[in-house]
> 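Please read through the structure below; I'll follow up with questions.
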Amino acid sequence: MPEKDKNTQEGPDVRSNLIKVNMGGDTMFVDLDQYKPQLDHQRELKRMHRKPKNPQPQEWKTEDYSKHKIADYKPFNFVDGEGVRCSLYVSGCLFDCPGCYNLAAQNFNYGFPYTRELEDRIIKDLSQSYVQGLTLLGGEPFLNTWVCLKLINRIRKEFGHTKDIWSWSGYTWDELQKETPDKREMLSKIDILVDGRFMNDLKDLTLQFRGSSNQRIIDVPKSLEAHKVVIWDKLQK
């Protein structure tokens, strides 16, 4: 803690590499090299404790933001849902959740364009008998519905429902019910939705397939049929 200013010199107050700060009403002079890391740490703590953005219904439209770009594609992984999965990470997200694990993918211009060649590769990978399905992540899949629906529709055409489709989203189930037609169409064609913003204050690394305790793993077909949220029946924690 810097000491209270006791300087009694007359004339200009010149102190090498020191800056004047006010703490509790007292004027202090502190070393800039020591004080800046403290400021950076305080700013980071403040940033991490702020809340994600909360859009109004239909405020964010896919056609206004999506550049049809992909942040990454990871075939044959075991972490993005049940079983062996092929994961497509789309580019662009507006929720700006503090603590986001994929910060670069918030940029709609990040990555590379979605192409027919990539789509063919995903279909080929999904055709392997040991692959259970596709996972859509980001970024925000529901702000990239042109890409996601294009792939979803082809999967349903070629595989029917023998391959399941999971999607993560910052939108909650209730919010998606009030969203644009493209978002509601996409929801109706997937099997599992992991919904809700990542909340850093509710972070829990022991949870199954999600990062914070507010998020839910929702069985989409059962929920649509029941007109209420039905949680995935294989949920363990």
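Computed from a prediction, not measured in an experiment: that's the story for all the values here. For reference, positions follow the sequence shown, starting with 1.
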> For Y171, enumerate each residue passing the ring pair (Phe, Tyr, Trp, His ring centres under 6.0 Å) test, keeping only those at least two apart in sequence or located in another chain.
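Once residues adjacent in sequence are excluded, the partners of Y171 under the ring pair (Phe, Tyr, Trp, His ring centres under 6.0 Å) criterion are F95.
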
> Just so I know, are the side chains of R121 and Y73 near enough to count as touching, which here means a heavy-atom distance under 4.5 Å?
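Yes - at least one pair of side-chain heavy atoms lies under 4.5 Å apart.
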
> So D204 and S213, side chain to side chain donor-acceptor pair (under 3.5 Å) or not? Walk me through it.
CA-CA 7 Å; D204 185 346; S213 58; over 6 Å; no

> Please assess F142 against W60 for the test ring pair (Phe, Tyr, Trp, His ring centres under 6.0 Å), listing each intermediate value before the final yes or no.
CA-CA 10 Å; F142 284 85; W60 298 341; over 10 Å; no

> Taking the six-membered ring for Trp, are F76 and Y130 parallel (under 30°), tilted (30 to 60°) or perpendicular (over 60°)?
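The arrangement is tilted - the two ring planes meet at 30° to 60°.
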
> Out of curiosity, H68 NE2 to T115 OG1, how far, rounded to the nearest 0.5 Å?
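Interatomic distance, H68 NE2 to T115 OG1, rounded to 0.5 Å: 13.5 Å.
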
> Would T135 and D80 satisfy side chain to side chain donor-acceptor pair (under 3.5 Å), going step by step from the backbone distance to the final call?
CA-CA 6 Å; T135 298; D80 295 332; 5.7 Å; no

> Return the minimal non-hydrogen interatomic distance between P141 and C148, and the atom names on each side.
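Scanning both residues completely, I find the closest heavy atoms to be O-SG, 3.6 Å.
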
> Rounded to the nearest 0.5 Å, how far does OG1 of T172 lie from NZ of K178?
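If I round to the nearest 0.5 Å, the distance is 8.0 Å.
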
> Under 6.0 Å from the CD atom of E63, do we count more than 12 heavy atoms belonging to anything else shown?
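Yes.
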
> Hey, does the side chain of Q208 reach the backbone of Q236 with a donor-acceptor pair shorter than 3.5 angstrom?
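Yes; judged by distance alone, with no hydrogens or angles, the pair exists.
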
> Got a second to check how far T180's OG1 is from K61's NZ, nearest 0.5 Å?
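Result: 7.0 Å between the selected atoms.
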
> Look at the side chain of S212 and the backbone N and O of M199, then say whether any donor-acceptor pair between them is shorter than 3.5 Å.
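Yes; judged by distance alone, with no hydrogens or angles, the pair exists.
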
> Looking at Q215 and G211, would you say the former's side chain and the latter's main chain have a donor-acceptor pair under 3.5 Å?
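Yes, because the side chain of Q215 sits within donor-acceptor range (under 3.5 Å) of the backbone of G211.
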
> Hey, mind stepping through L136 and W168 against side-chain contact (heavy atoms from CB on, under 4.5 Å) and telling me if it holds?
CA-CA 6 Å; L136 299 167; W168 267 249; over 6 Å; no

> Do the side chains of E175 and K183 get close enough for a salt bridge, i.e. N-O under 4.0 angstrom?
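Salt bridge between E175 and K183, a charged N being under 4.0 Å from a carboxylate O: no.
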
> The test is side-chain contact (heavy atoms from CB on, under 4.5 Å); show your working for S169 and E140 and say whether it passes.
CA-CA 6 Å; S169 179; E140 172 54 56; 2.9 Å; yes

> Run through R156, K163, K222, R85 and flag the one making a salt bridge (Lys or Arg N to Asp or Glu O under 4.0 Å) with D191.
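One option only clears the test, and that one is R156.
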
> Hey, does the side chain of N77 reach the backbone of K74 with a donor-acceptor pair shorter than 3.5 angstrom?
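Yes, the answer is positive, given that a donor and an acceptor are paired below the 3.5 Å cut-off.
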
> Within 45 degrees of the ring normal and closer than 6.0 Å to the centroid, is that where the cationic atom of K69 sits relative to Y114?
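Pair K69/Y114 does not count as cation-pi.
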
